[in-house]
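Heads up: the structure comes next, in structure tokens.
Hydrogens, waters and symmetry mates are skipped; everything else that's a heavy atom, side chains included, is used.
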Amino acid sequence: MTIPEFSPTQPVILGFDPGRDKCGLAVMGVDRQLYYHEVVPADGAIAAISSLRQKYPISLLVMGDQTTAKRWKQKLARELTNSLNIILIDERYTTLEARDRYWQMYPPKGLTRLLPRGMRQPPRPIDDIVAILLIERYLNRLTNYEV
């Protein structure tokens, strides 16, 4: 999958799936154009976020609200040079959803195609795809508000 060149006319959101060992990162425009996604070691996440902030005009960070969220939110507030608005998003079921999304983004090839969908395991960590889903959940919440 080729990721388009960044166009600075659109605001972008950083998705962050925090973890103890590894973290998922994604950068997406409010137009849902995906510009970047990667899984990074947890001990390199702050540096990766700082680097992404130099490359993209990130105004908001959305992150999962589960296991390590409170600790990561404090760490981000303490260690990022410029403060960043952080919004916690419900991340229930994102891992299952991310597995399905992985196969949409990278259709199975060879013998993997013959396995039933529920038995396919992505060949790499999918925390970055969880970060994509967190951004999408945030954007959906903005556009599907109830009156």
- Task: Drop me the distance from Arg71's CZ to Leu76's CG, to the nearest 0.5 angstrom.
- Result: 10.5 Å
- Query: Distance from Met63 atom CE to Ile135 atom CD1, nearest 0.5 Å?
  - Reply: 13.5 Å
- What is the distance from atom SG of Cys23 to atom CG of Asp128, rounded to the nearest 0.5 Å? 11.5 Å
- Item | Separation of Arg137 CZ from Ile89 CD1 (nearest 0.5 Å) | 9.0 Å
- Verify, without hydrogens or angle tests, whether Ser51 (side chain) and Ala47 (backbone) share a donor-acceptor contact under 3.5 angstrom. no
- Out of curiosity, does Leu111 fall in the hydrophobic cluster containing Leu115 (side-chain heavy atoms, cut-off under 4.5 Å, transitive links)? no
- Query: When rounded to the nearest 0.5 angstrom, what is the spacing between CG in Leu133 and CD1 in Ile126?
  - Reply: 8.5 Å
- No-hydrogen, no-angle side-chain donor-acceptor test under 3.5 Å, Tyr138 and Glu136: no
- Determine yes or no for a side-chain-to-main-chain donor-acceptor pair under 3.5 angstrom, with Glu38 supplying the side chain and Leu25 the backbone. no
- Task: Please state whether the rings of Trp72 and Phe16 are parallel, tilted or perpendicular, taking 30° and 60° as the class boundaries.
- Result: perpendicular
- Task: Can you sort out the partners of Asp90 under side chain to side chain donor-acceptor pair (under 3.5 Å), two or more places apart, ordered by chain and number?
- Result: Arg92
- Query: Does Tyr102 have any ring pair (Phe, Tyr, Trp, His ring centres under 6.0 Å) partners at least two apart in sequence or in another chain, and if so, which?
  - Reply: Tyr106
- Note on the structure: Rounded to the nearest 0.5 Å, the CG atom of Leu134 sits from the CD1 atom of Ile13 at a distance of 11.5 Å
- Message: Between Asn85 (side chain only) and Leu61 (backbone N and O only), is there a donor and an acceptor less than 3.5 Å apart?
- Response: no
- More than 12 heavy atoms of other residues, nucleotides or ligands under 6.0 Å from CG of Leu96: is that the case? yes
